[in-house]
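The chain is numbered in sequence order, starting from 1.
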Amino acid sequence: MAARIERLVTSGRFTLDGGSWEVDNNVWIVGDDEEVIVIDAAHDARAIAEAVGDRRLTAIVCTHAHNDHIDAAPALADLTGATIWLHPDDLPLWKLTHPDRDPDEHLVDGQVLETAGADLTVLHTPGHAPGAVCLYDPGLATVFTGDTLFQGGPGATGRSYSHFPTIIASIRDRLLTLPPETKVLTGHGDATTIGVEAPHLEEWIARGH
């Protein structure tokens, strides 16, 4: 049976470089009636656990380590016994939020995370953060992009640990090469597709942000 994708929106604060902003985050739950993974445990561990219900949560996958994407991860892991996965290049960011708790496993470019009916390939896409990753499932014709690519362009690169030319290279080389019908499910806001976003690459470069 093919996996299904569920979206939960949670709200909280994003803090970095001395600033703080109210944000709504997309939490993605991927799997079936028995087993799921969570992509980005944002803000509210209990709400996420309730959405998972009595299904087995095998992994909490962090697209990057900005606090609004990982703040609920340890609590959710404690509630469910799930394993927390993060790319090691984002450990310095992780430590800003969770200095006393390490992720359980390191994401590696090209590895495949399997859960009920889904095979999520890890694409290392630095730029918004050094260890940012996207998760691509060709069977679901979906890529989960975290804050790397949104409807309308790249994620922000104006703060510490981010770099605009790097995010452009990641999007150009790792994402825009995916089939145009691929659905883009983002860390905030509404979905888009690769085909909708691809024609605008030169505009984003010209804007330079």
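- Under the 4.5 Å side-chain heavy-atom criterion for Ile, Leu, Val, Met, Phe, Trp and Tyr, Ile39 and Ile84 are members of distinct hydrophobic clusters.
- Ala156 approaches His128 most closely through the heavy-atom pair O-ND1, 2.7 Å.
- Summarising the geometry, atom OG1 belonging to Thr182 is positioned 4.5 Å from atom OH belonging to Tyr136; distances are rounded to the nearest 0.5 Å.
- In this structure the side chain of Ile5 reaches within 4.5 angstrom of the side chain of Phe144, judged on heavy atoms.
- Contact check for Val27 versus Val38: side-chain heavy atoms found under the 4.5 Å cut-off.
- Relative ring orientation between His188 and Phe150 is described as tilted, the plane-to-plane angle lying within the 30° to 60° band.
- Looking at every heavy atom in both residues, Leu176 comes nearest to Ala198 through CD2-CA, 3.9 Å.
- Of the candidates Thr125, Leu123, Thr186, Leu185, Thr186 is the only one forming a side chain to side chain contact (heavy atoms under 4.5 Å, CB included) with Thr145.
- None of Ile167, Thr148, Asp147 except one satisfies the side chain to side chain contact (heavy atoms under 4.5 Å, CB included) rule with Pro154; the exception is Ile167.
- The only member of Leu91, Val133, Asp102 that meets side chain to side chain contact (heavy atoms under 4.5 Å, CB included) when paired with Leu86 is Leu91.
- Counting all heavy atoms, side chain and backbone alike, Ala116 lies closest to Ala3 at O-CB, 3.2 Å.
- The side-chain heavy atoms of Thr58 and Glu114, taken from C-beta on, include no pair separated by under 4.5 Å.
- Within the 4.5 Å cutoff, the side chain of Cys62 has no heavy atoms near those of the Asp90 side chain.
- A heavy-atom distance below 4.5 Å is found between the side chains of His98 and Pro74.
- Looking only at side-chain heavy atoms (C-beta outward), Val61 and Leu135 come within less than 4.5 Å of each other.
- No side-chain heavy atom of Ile171 sits under 4.5 Å from any side-chain heavy atom of Glu197.
- Residues Ile70 and Ile29 share a single hydrophobic cluster, defined by chaining ILVMFWY side chains whose heavy atoms lie under 4.5 Å apart.
- His64 and His66 have perpendicular rings, their planes meeting at more than 60° on a 0 to 90° scale where under 30° would count as parallel.
- A donor and an acceptor atom, one from each side chain of His43 and Asn25, are located under 3.5 Å apart.
- Leu149 CG to Leu178 CG: the interatomic distance, rounded to the nearest 0.5 Å, is 10.0 Å.
- For Thr15 against Ser20, the heavy-atom pair with the smallest separation is CG2-OG, 3.3 Å.
- When all heavy atoms of Pro199 and Glu203 are compared, the closest pair comes out as O-OE2, 4.4 Å.
- Note: the hydrophobic cluster containing Leu16 does not contain Phe164 (ILVMFWY, side chain heavy atoms under 4.5 Å, direct or indirect links).
- Contact check on Asp33 versus Arg4 returns a salt bridge, with a Lys/Arg side-chain nitrogen under 4.0 Å from an Asp/Glu carboxylate oxygen.
- In this structure, CG in Leu57 is found 8.5 Å from CD1 in Ile37, a value given to the nearest 0.5 Å.
- Between the CD atom in Gln111 and the NE2 atom in His106 there is a gap of 11.0 Å [rounded to 0.5 Å].
- With respect to the salt-bridge test (charged N to carboxylate O, under 4.0 angstrom), the residues Arg13 and Glu22 qualify.
- When all heavy atoms are compared, the tightest approach of Arg55 to Ala51 is NH2-O, 2.9 Å.
- Under the 4.5 Å side-chain heavy-atom criterion for grouping Ile, Leu, Val, Met, Phe, Trp and Tyr, Ile60 is connected to Val36 within one hydrophobic cluster.
- Between Asn26 and Val9 there is a side-chain heavy-atom pair separated by less than 4.5 Å.
- Here the OG1-CG distance, from Thr97 to Asn67, works out to 4.5 Å after rounding to the nearest 0.5 Å.
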